[in-house]
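Below, read A as the first sequence line, B as the second, and so on, with proteins coming before strands; counting in each chain starts at 1. Every heavy atom of this structure was used, including side-chain atoms; hydrogens, water molecules and symmetry mates were not.
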Amino acid sequence: MLDIKTIRKETELVKNKLSSRNNEFIQKLEELLFIDENIRKLKIQIDELKSQRNSLSKSVKSKEEAETIKEKVKEINNQINLLEEKSEQYEEEINQIVWYLPNMPSDEVPQGKDESENVEIKKYGQIPIKTRVEDHFIIAERKNIWDQNNTTRFCGSRFSSFVGLGAKLQRALINFMLDEASQNGYTEISTPIIVKSNALKGTGQLPKFEEDLYKLTEDDLYLIPTAEVTLTNFFANDNLLNNEDLPKRLCAYTTCFRREAGAAGRDTRGLIRQHQFDKVELVHICKAEDSEEEHEKLVRNAEKILEKLELPYRRILLCTGDMGFSAKKCYDIEVWFPSQNNYREISSCSNCGDFQARRLNLRFKRDNASKPEFLHTLNGSGLAIGRCWAAIIENYLKEDGDIEIPQVLRKYMNGLEII
RNA sequence: GGAGAGAUGGCUGAGUGGCUGAAAGCGGCGGUUUGCUAAACCGUUAUACUUAUUUUUAAGUAUCGGGGGUUCGAAUCCCCCUCUCUCCGCCA
């Protein structure tokens with residue numbers, strides 16, 4: 001959530017920043033400021049009336065005295081009620097705007113309308129020259145390590161199962177990634193995958209992106225689309241963190257659920273876009289002045305996973321038009337897919353600044369004497385398991401049709417070298 | 001799911017209608033004493049919003065789990081919700 005004071009004081013800056021994402025926000029900002037102005041005028045009146053009421057009530061010492069002011073106070077209360085009703089209406093209108101405004105992009109973020117204007121930052125690894133290239137789902141079905149047809153029969157489209165050594169390979173990836181994160185200083189947390197709407201509101205998935213989520217209507221709960229939700233919420237809830245608690249670096253392996261509304265027809269075959277997938281998520285919670293550095297660390301930690309798996313990748317800096325709602329700066333890591341002759345996203349590492357912290361009231365105190373300050377939150381995949389699985393299958397495909405197991409994973413698969 | 005108990009400041013914990021933004025203790029911060037440390041003593045110590053401002057503060061409003069109600073006046077009385085604890089039932 002943006003700071004209403006910033007919107008008031010630096011209106012032009014906020015306008016520029018938000019319109020660099022999308023023009024629809026300019027009018028919203030104008031509306032917001034107008035209502036905000038009205039609310040404050042009302043608040044002055046209300047506070048004045050309340051002040052009158054309080055001083056009248058305080059002057060009363062006995063029941064008999066109360067009689068003399070009863071009428072006056074009742075009249076004041078009537079006025080207050082009227083004004084407050086109006087003020088609540090305005091409040092509601094402001095919420096309808098402010099919770100739907102995205103974060104302001106950082107200055108370093110390139111201007112652009114869509115993914116075509118993203119900027120490549122670096123490339124790692126040699127793109128293999130292969131004599132045999134197949135789609136991962138072709139290989140996986142041939143090797144009987146993955147099932148689509150059966151699974152869609154009882155689950156519907158965009159669901160699939162890992163089978164046999166395929167399931168073991170998935171498990172190896174999970175363990176490998178969690179171990180890497182632990183070694184890099186992350187605290188592993190195993191969180192629930194069902195959350196209340198407030199948690200999703202805090203991280204920015206709600207209220208704007210309800211259609212992307214699976215909802216348990218009976219209990220007003222949601223399946224998480226990413227463990228960013230549970231990890232970022234972990235220390236929220238009004239508990240102040242201390243200086244020495246920071247930075248927090250958390251990781252979690254969870255299953256994630258996305259309805260993929262609006263993705264009809266895209267990546268319909270294979271593992272790239274499923275309704276349910278596994279992911280190891282990395283979250284940093286840190287002080288404002290550290291978040292740039294933490295962001296670089298986070299993205300490096302994600303990249304190092306691919307380096308150890310010896311998979312070619314590139315790092316992309318997303319442009320203003322392609323960035324997610326809560327991010328002020330975002331790197332995508334894309335891994336090489338031979339069958340597509342292209343790189344595909346495998347991790348998205350966002351610095352959200354204080355945007356989520358404001359929504360969550362996630363704050364800390366520098367020391368006992370200082371005021372609470374909002375923290376900065378960052379998140380990134382480290383990595384998406386399914387896409388990583390698919391990338392390994394394709395990149396490690398040998399000429400004879402077998403799949404080599406990456407060196408670092410063999411100890412997680414009882415020394416198995418070939419599938 | 002059934003029965004009961006509870007939720008107060010950084011923490012412990014008092015408070016059943018006004019003088020309570022909140023006793024007391026602990027902790028924190030500042031100071032006195034001291035060769036240094038400890039102890040003792042004194043003072044101070046919540047958050048948000050609004051207005052004014054000489055940007056330091058001052059004033060006002062709200063906040064005792066959340067929401068609503070009664071009342072001139074609510075931490076205190078009433079209703080609803082959430083969460084925690086104990087016992088019973090069920091269960092991986």
Short heteroatom pairs, N/O only, protein and nucleotides 50-53 of chain B, under 3.5 Å:
unit_1, atom_1, unit_2, atom_2, d
B/U50, OP1, A/Arg8, NH2, 2.6
B/U51, OP1, A/Arg40, NH1, 3.0

Using atom [atom1] of [X] as one end and atom [atom2] of [N] as the other, report the distance to the nearest whole Å.
X: A/Ile46; N: B/C49; atom1: CD1; atom2: C1'; value: 12 Å
X: A/Leu362; N: B/U47; atom1: CG; atom2: C1'; value: 16 Å
X: A/Glu91; N: B/A48; atom1: CD; atom2: P; value: 17 Å
X: A/Lys50; N: B/C72; atom1: NZ; atom2: P; value: 18 Å
X: A/Leu56; N: B/U71; atom1: CG; atom2: C1'; value: 15 Å
X: A/Asn361; N: B/A46; atom1: CG; atom2: P; value: 18 Å
X: A/Glu75; N: B/G73; atom1: CD; atom2: P; value: 14 Å
X: A/Glu88; N: B/A62; atom1: CD; atom2: C1'; value: 13 Å

Using only side-chain N and O atoms of [X], determine if any of them is under 4.0 Å from OP1 or OP2 of [N].
X: A/Lys74; N: B/C72; answer: yes
X: A/Asn54; N: B/U61; answer: yes
X: A/Arg363; N: B/A48; answer: yes

Counterpart residues, ring pair (Phe, Tyr, Trp, His ring centres under 6.0 Å), relative to [X] (two or more places apart):
X: A/Tyr100; value: none
X: A/Phe325; value: A/Phe209, A/Phe355
X: A/Phe364; value: none
X: A/His284; value: A/Tyr186

With under 30° as parallel and over 60° as perpendicular, where do the rings of A/His275 and A/Phe159 fit, or are they tilted in between? tilted
In whole angstrom, give me the gap between the [atom1] atoms of [N] and [M].
N: B/U61; M: B/G9; atom1: P; answer: 23 Å
N: B/A22; M: B/A62; atom1: C1'; answer: 15 Å
N: B/C26; M: B/U84; atom1: C1'; answer: 24 Å
N: B/G30; M: B/C19; atom1: C1'; answer: 30 Å
N: B/C83; M: B/G66; atom1: P; answer: 15 Å
N: B/U57; M: B/G69; atom1: C1'; answer: 39 Å
N: B/A48; M: B/U33; atom1: P; answer: 36 Å
N: B/C78; M: B/U70; atom1: P; answer: 15 Å

Could you list the residues that satisfy salt bridge (charged side-chain N to carboxylate O under 4.0 Å, His left out) with A/Lys50, not counting sequence neighbours? A/Glu84
Side chain of A/Ser51 only, please: which of B/G73, B/U61, B/U47 is the nearest? B/U61
RNA chain B nearest-nucleotide lookup for A/Asn77 and A/Pro372: closer to the 5′ end is A/Pro372
Taking the nucleotide of RNA chain B with the nearest heavy atom to each, does A/Lys196 or A/Val73 sit closer to the 5' end? A/Val73
With sequence neighbours excluded, residues passing side chain to side chain donor-acceptor pair (under 3.5 Å) with [X]:
X: A/Ser161; answer: A/Thr151
X: A/Glu117; answer: A/Lys113
X: A/Arg266; answer: none
X: A/Asn54; answer: none

Under 4.0 Å between a Lys/Arg side-chain N and an Asp/Glu carboxylate O for A/Glu294 and A/Arg249? yes
Salt bridge check: are A/Asp135 and A/Arg269 linked by an N-O gap of less than 4.0 Å? no
Do we see a donor-acceptor contact under 3.5 Å between the side chains of A/Glu281 and A/Tyr253? no
Between the protein and nucleotides 27-30 of chain B, list the N/O to N/O atom pairs that are separated by less than 3.5 angstrom.
unit_1, atom_1, unit_2, atom_2, d
B/G28, O2', A/Asn368, ND2, 3.2

Runs of at least three Watson-Crick or G-U pairs with RNA chain B, cut-off 3.5 Å: B:1-7 with B:82-88, B:10-12 with B:24-26, B:27-32 with B:40-45, B:46-52 with B:57-63, B:65-69 with B:77-81
